[in-house]
2 protein chains.
Amino acid sequence: MAKTPAPARKGRGRPQNGAPDLSKAQIVATALRLIDEKGLEAFSIRSVARALGCYPTAIYWYTPSRHVLIAEIITVVLRDVLPDAGLDWQDWLRALFTRYRAAIARHPNAAPLIGVTLVSNASVDVDLVEAVLAKLHDAGFRGASLINAYNAVIGAMVGFTTQEFAMLPPDAESLREDLAGFPDRIDANRHPLLAQLSGQMIGAAFILRWQNGATQPMTGAFAMYVEAFVTGLDRLPREGGAASS
Amino acid sequence: MAKTPAPARKGRGRPQNGAPDLSKAQIVATALRLIDEKGLEAFSIRSVARALGCYPTAIYWYTPSRHVLIAEIITVVLRDVLPDAGLDWQDWLRALFTRYRAAIARHPNAAPLIGVTLVSNASVDVDLVEAVLAKLHDAGFRGASLINAYNAVIGAMVGFTTQEFAMLPPDAESLREDLAGFPDRIDANRHPLLAQLSGQMIGAAFILRWQNGATQPMTGAFAMYVEAFVTGLDRLPREGGAASS
DNA sequence: CGGTCTGTTGTGCGGTGTACAATAAGCCCG
DNA sequence: CGGGCTTATTGTACACCGCACAACAGACCG
C-alpha cells in the first residue's frame with residue numbers, strides 16, 4: 001500500500017520474532033498473483049517486493065535471480081498435469097494435453113513464461129518425462145523413434161497452448177479497430193475464402209485476433225489439433241528413425 | 001564505435017544531403033543483425049541506435065514503439081514461408097511447416113519474438129491465411145471444421161518450432177553441469193526408461209537440454225511431429241464441429 | 001523570403017535487474 | 001554471560017531500459 005518499500009517493520013537487521021518475514025513460497029505465490037491479477041508486464045522483482053512491503057534486494061535472499069524465480073513460478077503452474085496412469089496411451093496423451101491446457105488457462109498471463117523459457121530449467125520433472133516415455137513405450141515406440149516421439153509429444157503439448165495464450169501487444173485496442181475494417185479491404189477475387197469466412201474468423205482465429213485464449217479460447221481447434229496428432233501418431237512406424245542432432 | 005551516440009554528423013537538425021541518414025528498412029535490418037549476432041537480449045532501441053550511430057529517439061521517427069519494430073522484424077523473418085501452390089494439400093502442409101522451421105532456423109534468436117507476440121499484430125499476411133484455408137478446403141474441410149483446422153495448422157506450425165528454438169536462461173552452463181550428473185541421480189526402479197535412455201536424451205531432448213535448436217536441432221522429432229499431425233488431420237471428420245469460442 | 005515539414009540531437013523521467021555494503025537480531029559455544 | 005557467527009533485512013548505487021518531449025537546423029514550397 002505504501003509508496004515504495006512500505007516496511008511493516010522499520011530498521012535494518014534480522015526480524016525480532018525469530019521467524020523470517022518472507023519465504024520462498026510466499027514470494028512465488030505473490031509473483032504469480034501479480035501476474036494473474038495485473039498481467040505479466042506488472043511482474044518484476046521490484047513489484048513483488050512492493051507487494052510484500054520489503055526492499056527488492058530482500059527477494060534475492062530467497063532466489064538468486066529473476067530467471068530462477070520464473071522457473072519456480074512455472075513449476076507451480078504446471079503442478080498436477082500428469083493424468084491418471086491407468087489410461088490407454090492415446091487417451092492418456094489426450095488427457096495430458098488437456099490438463100496442460102487447463103493449467104495454463106488457470107494462469108493465462110503466465111503462458112509466455114513457459115513458452116519462452118523452454119520447458120526445461122530448474123527442477124526437472126522426472127515423473128513427467130518417465131510417464132511420457134512409458135506411454136509411448138506402451139504404444140510400441142522403440143529406440144530413436146521413442147525419443148523422437150517424446151520430443152514430438154512435449155513440443156505438441158506446449159506448442160499449441162502457448163500460441164493460444166500468447167501475449168498481445170499493449171495496443172490491442174488499435175489492433176481491434178484495424179481488424180474491424182479488415183473485411184472491407186479484402187479483394188474477393190484474390191482471397192475468396194477469406195472474404196467469405198472473415199466474419200467468423202476476425203477476433204477468433206490466429207493472425208486475425210486481438211485477444212488471446214484467456215478471453216477467446218480455441219476449444220474446437222485445440223480438440224482437432226489433439227485428435228490429429230494423437231491419431232496420426234498411431235499410424236507412424238515405431239522403430240528406427242534417425243536421431244535428431 | 002564511439003561511446004554513446006557516436007553521431008557521424010554533429011549538431012541538430014535535418015541532414016544536409018537532402019536525404020535522411022536513416023530508414024525504416026535499415027533500422028529493421030540492424031535490429032535483426034544485432035539479434036542474430038549477439039542474441040535477443042542485446043536488442044533494444046538503444047542498442048540499435050548505438051549500432052546506427054544515432055540517438056535512440058531518432059528511431060522513433062520511423063517506428064512508433066518497440067512492439068511495432070518487433071512486428072516488422074517478424075515479417076522480415078517470415079518472408080517466403082509460403083510453399084509452391086501446386087502441391088497436394090498434405091505435401092503443401094508438410095512444406096509449410098518445414099519452410100517455417102527453416103525461416104526460424106535462419107534467425108534462431110528471433111524465435112521467442114514470434115512465439116510470444118502471437119503470430120498476429122502488424123501487417124496481416126492475407127496470402128498466408130488464404131493459402132492455408134484454400135488447401136484445407138481442398139482437403140474437404142468445411143464450415144466450423146475449416147476454421148478449427150486453420151487454427152490447428154497455424155498453432156502446429158508455430159508451436160513446435162517455437163519450443164525447439166526457445167531461449168535458454170543465461171546460466172546455461174550451470175544447467176549443463178546440473179544435467180551432467182543427472183543420470184546418476186535417477187532411481188532405476190522408479191524411472192526405468194529414463195534410466196535407460198538418459199544417455200541419449202541429456203542435451204538433446206526437451207526438459208533435459210541446455211541448448212536450443214540453434215545448436216541442437218530436433219530434426220527427427222520435427223519430422224515425426226509433422227507426419228503425425230498431417231496424416232492425423234487426414235483421418236478427421238471434415239464437416240461440422242462446434243465453433244471455438 | 002517566410003513558413004512549414006522533416007529528421008535529427010538532446011534532456012529527462014520513471015522503470016528495471018542486481019551487486020554490494022551496512023546492520024540488527026537470534027543463536028551457539030566457550 | 002558474552003563474543004562471534006549466521007541470518008534476514010534495509011539501504012545505496014549503477015548501468016540499463018522505453019519513451020515523452022523540447023530544441024533546432026536544413027530542405028522545400030508558396
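We use all heavy atoms of the structure for the numbers below, so side chains are in, but hydrogens, waters and symmetry mates are not. By convention in this document, chain letters (A, B, ...) are assigned in the order of the sequence lines, proteins followed by strands, and residues within each chain are numbered from 1. As the structure is a prediction and not an experimental result, all values here were calculated from the model.
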Pick base, sugar-phosphate or nothing for A:S65, based on heavy-atom distances below 4.0 Å to the nucleic acid. sugar-phosphate
Tell me which nucleotide among C:dT9, C:dT6, D:dT9 gets nearest to the side chain of B:W61. C:dT6
Hey, is the side chain of A:R46 pairing donor to acceptor with the base of C:dG15 inside 3.5 Å? no
Report yes if at least one side-chain N or O of B:Y55 is closer than 4.0 Å to OP1 or OP2 of C:dG10; otherwise report no. yes
Counting heavy atoms from C-beta on, name the nucleotide in C:dT18, C:dT11, D:dT9 closest to the side chain of B:T57. C:dT11
Taking only the side-chain nitrogens and oxygens of B:R50, find out if one of them lies under 4.0 Å from OP1 or OP2 of D:dC17. yes
Gap separating the CD1 atom of A:I154 from the CG atom of A:L128, nearest 0.5 angstrom: 5.0 Å
Any donor-acceptor pair under 3.5 Å joining the side chain of A:S44 to the base of C:dG15? no
Nearest heavy-atom pair of A:E164 and A:R209: which atoms, and what distance? O-NH1, 3.0 Å
Correct closest heavy-atom pair for A:A131 and A:L82 would be CB-CD2, 3.9 Å
Can you give me the N/O atom pairs linking the protein to nucleotides 26-28 of chain C at distances under 3.5 Å, or say none if there are none?
unit_1	atom_1	unit_2	atom_2	d
C:dG26	OP1	A:Q16	O	2.0

Reference residue A:W210; test side-chain contact (heavy atoms from CB on, under 4.5 Å); the match among A:D178, A:T215, A:L179: A:L179
Phosphate-side-chain proximity, B:Y60 and C:dG7, N/O vs OP1/OP2 below 4.0 Å: no
Under 4.0 Å between any heavy atoms, over every strand shown, what does B:R66 touch: base, sugar-phosphate, or nothing? Just pick one. sugar-phosphate
Just say parallel, tilted or perpendicular for the rings of A:F160 and A:F206, cut-offs at 30° and 60°. perpendicular
Minimum heavy-atom separation for A:R106 and A:D36, please, with both atom names. O-OD1, 4.4 Å
